[in-house]
There are 2 protein chains.
Amino acid sequence: MKLGRSTYRFESNVAISDCFTVVGKKEGQGPLSIYFDMVIEDEYAGQKSWELAEGKLLNIAITKLVQRVGENPDNIDLILSGDLLNQLSSSHFAARDLDIPFVGLYGACSTFALSIGLASIFVDGGFAKNVIAATSSHFCSAEKQFRYPLELGCQRPPTSQWTVTGAAAFLIRQEDSLHSPKITHFTVGRILDFGIKDPNNMGAAMAPAAFDTIMRHFSDTKRSFEYYDMIITGDLGYVGRKLLEELFKKEGIKFSTELFDCGILMFDPKTQNTGAGASGCAASACVFGGYLYKLLRERTFERILIVPTGALMSASTVQLGESIPVIAHALAIEMM
Amino acid sequence: MKLGRSTYRFESNVAISDCFTVVGKKEGQGPLSIYFDMVIEDEYAGQKSWELAEGKLLNIAITKLVQRVGENPDNIDLILSGDLLNQLSSSHFAARDLDIPFVGLYGACSTFALSIGLASIFVDGGFAKNVIAATSSHFCSAEKQFRYPLELGCQRPPTSQWTVTGAAAFLIRQEDSLHSPKITHFTVGRILDFGIKDPNNMGAAMAPAAFDTIMRHFSDTKRSFEYYDMIITGDLGYVGRKLLEELFKKEGIKFSTELFDCGILMFDPKTQNTGAGASGCAASACVFGGYLYKLLRERTFERILIVPTGALMSASTVQLGESIPVIAHALAIEMM
């Protein structure tokens, strides 16, 4: 059912039954290293291009997930997937030999929440039993597309973020087990634009979108910071994270819950030279799927609000001098 | 509820309550001219780029639709929209001043069916009351992005299709009125790839996807050609339409219903020099919204199966020599 302007509440034990994460070499050397299901050291993943490599990672995440849960692929009703590449190339490469009905989504780095939120709509509404929500990103394919050829060796400004190479797939279905994290709320963001034009400062562009969606989630659900054990944004990074904190302070909103960010948790800033932190669809998807999902199952945390943000720029609109539209979607994931 | 492998049946009078179509000059000179709600002669639509112009058309379609139905924008629960541009630029430009929760979809020219199908899921599932499904395309922004700079004046091969400049928005909600066309079934396609690599022959790439989705729709619903007054594909054009007919003949499937194609209906091949026909998200969306929707309301036709197809190529994957993944989604739209 719908709550307020933007939030859907799910009451039928819509669960993240299982998930599978695969990451690249650099992510596999970071602080969350031990939590990922698979690390692939070759940035081409045995393929002949970065775009195909990204598709391969996503295909691995989906097929390994299906194998692990022991489900016949014919029983997977639907895949909801998206990525950063023009026309969702990696999602289409990943899905073209899967023979499973497919819905393509675009929400830039907010895609993790978008795909899980829509999967929950299908499951809670009784339309589907087993839905896979998936997403991917790849440092090389993203840099090539959005910024400069890697071969140029351009200097990266300190506000720039490091796109995560990785993919994650989640099986969403009704499950009564007390061990399965439940998706209880999905708050759909709106498109905002605060005039930021620098594709090397996405954190600044996205912070107000995270603020807007968190405030709407609170307003719709009558919850507040106190309700959650953790509120974690997708990939604001160090710059965006600081701005978000300032936005709350400016509005006089006190918070007891620490504000975390997946983009900050992914890499070690001292040794990994990753600028303002991680970004990319796989930032929130792999940090959640690899790390936070396990903390929920162990009940280290019981109530998480995850708010992946998306900077919806394209190389062409940056060249046209257009500002960057942004969005953030939120998922409340709870142990019941 | 779900039928078979890929089809969702809606039983709660999910209706296309109203729609608004806006097209460019060339479309306004075509055979369907009198059916569109608005023709904008300026290819820039008063904007400084084609990308912004496409966003403007989409914004007009959505805002005029909301005005015409007399609904307060605050009562629109959700916009589901997508387009052909990298990172859905025109959808984001259109939505950034609307203040309505937004979900971005990518299905290339199949987006019309994808957006209406997902909107129906939200409405039939009781999650939302008023949902807008929308899409757009623009000849100039598409040529620039997918093929060659228009300024080069490249010769177009005879198999090439002409991207429709236009946008359409549809209000999806429960409505008991006998005058409202109802969305009764949504068949979700799967990603296929038949090895076609020519971005100037999308009809050939997409025809097998249309075949696959129509056959799955028949198998899931136990319906056949006889059930429908009209089965109409999105933008196969003359080349793809012929291939689709051959695919049916090859399988020994006889059809009484004439197979139509929105890409063939949009332009006059004798006077408009549009190659193998129209394409683009707006091809099926504007032909349906402008023309077929009225024929349904007048009960000239009572049962239509519309099957928009998408060629999911990107300029980068074409340059990499990759083949074109394709998809088709189907909507059964009926007068009850």
Side-chain angles (χ1 to χ4, degrees), chain A residues 1-2 5-6 8 48-49 51-52 74 77-78 82 84-89 91-108 114 117-118 121-122 124-129 141 144-145 187-193 310 312-317 320 322 325 327 329, chain B residues 1-2 5-6 8 48-49 51-52 74 77-78 82 84-89 91-108 114 117-118 121-122 124-129 141 144-145 187-193 310 312-317 320 322 325 327 329:
Chain A
M1 64 172 290
K2 189 150 175 258
R5 181 78 182 100
S6 315
Y8 300 92
K48 63 179 183 177
S49 71
E51 291 80 1
L52 286 170
D74 288 346
D77 296 293
L78 192 64
L84 292 174
L85 295 187
N86 298 343
Q87 290 75 49
L88 309 186
S89 298
S91 292
H92 300 142
F93 289 155
R96 66 182 166 185
D97 59 355
L98 291 179
D99 196 16
I100 296 173
F102 179 91
V103 166
L105 303 172
Y106 185 75
L114 192 57
L118 289 180
I121 293 279
F122 271 88
D124 191 61
F127 295 103
K129 288 208 171 86
S141 62
K144 171 183 166 183
Q145 177 180 282
T187 300
V188 180
R190 53 184 178 145
I191 307 283
L192 301 172
D193 192 328
L312 307 163
M313 70 205 180
S314 87
S316 355
T317 57
L320 288 168
E322 272 302 309
I327 199 164
H329 303 293
Chain B
M1 64 172 289
K2 188 150 176 259
R5 181 77 182 101
S6 315
Y8 299 92
K48 62 180 184 177
S49 71
E51 291 80 2
L52 285 170
D74 288 346
D77 296 294
L78 191 64
L84 293 174
L85 296 187
N86 298 343
Q87 290 74 49
L88 309 186
S89 298
S91 292
H92 299 141
F93 288 155
R96 66 182 165 185
D97 58 356
L98 290 179
D99 196 16
I100 297 172
F102 178 93
V103 166
L105 303 172
Y106 185 76
L114 192 56
L118 288 181
I121 294 279
F122 271 89
D124 191 60
F127 295 102
K129 288 207 170 88
S141 61
K144 171 183 164 183
Q145 176 180 282
T187 299
V188 181
R190 53 185 178 144
I191 306 283
L192 301 171
D193 192 327
L312 307 164
M313 70 205 181
S314 87
S316 355
T317 57
L320 288 168
E322 273 302 310
I327 199 164
H329 304 292

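Keep in mind the model is a prediction, meaning the values are calculated, not measured. Per chain, numbering begins at 1; letters A, B, ... match sequence-line order.
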B/Lys129 atom NZ: more than 12 heavy-atom contacts under 6.0 Å = no

Rounded to the nearest 0.5 Å, what separation is found between the CG atom of B/Leu192 and the CG atom of A/Asp97?
-> 11.0 Å

Under 4.5 Å, counting heavy-atom pairs only, tell me which of A/Glu51, A/Glu322, A/Met313, A/Met1 racks up the most with chain B.
-> A/Glu322

Minimum heavy-atom distance A/Phe127-B/Tyr8, with the two atoms named = O-CE2, 3.1 Å

Heavy-atom pairs under 4.5 Å with chain B are the metric here; pick the option from A/Ser91, A/Ser6, A/Gly189 that has the most.
-> A/Gly189

Answer with side chain, backbone, both or neither: which region of A/Ile327 has an atom nearer than 4.5 Å to a non-hydrogen atom of chain B?
-> side chain

Is it the side chain or the backbone of B/Ala108 that comes within 4.5 Å of chain A heavy atoms, both, or neither?
-> neither

Ranked by heavy-atom pairs below 4.5 Å to chain B, first place among A/Thr187, A/Leu78, A/Asp74 goes to A/Asp74

Spatial distance of atom OG1 (A/Thr317) from atom NE2 (B/His92) [nearest 0.5 Å] = 10.0 Å

Mind ranking B/Asp99, B/Leu52, B/Leu84 by heavy-atom pairs under 4.5 Å with chain A and telling me who comes out on top?
-> B/Asp99

With rounding to the nearest 0.5 Å, note down the distance linking CG in B/Leu118 to CG in A/Leu118.
-> 6.5 Å

Any residue meeting side chain to side chain contact (heavy atoms under 4.5 Å, CB included) with A/Asp193, in chain and number order, not counting sequence neighbours | A/Ser323, A/Pro325, B/Arg96

Pairing residues for B/Asp124 by the side-chain hydrogen bond (donor to acceptor under 3.5 Å, both in side chains) criterion, not counting sequence neighbours | B/Ser12

Of the listed residues (B/Lys144, B/His329, B/Gln145, B/Gln87), which shares the most heavy-atom pairs with chain A below a 4.5 Å separation?
-> B/Gln87

Between CG on residue A/Leu88 and CD1 on residue B/Ile191, distance to nearest 0.5 Å = 8.5 Å

Is the backbone of B/Leu98 close enough, under 3.5 Å, to the side chain of A/Arg190 for a donor and an acceptor to pair up by distance?
-> no

Could you walk me through whether B/Leu312 and A/Phe102 pass the side chain to side chain contact (heavy atoms under 4.5 Å, CB included) test, one step at a time?
-> CA-CA 12 Å; B/Leu312 307 164; A/Phe102 179 91; 5.9 Å; no

Output for pair (B/Ser314 OG, A/Leu85 CG), nearest 0.5 Å, gives 7.5 Å

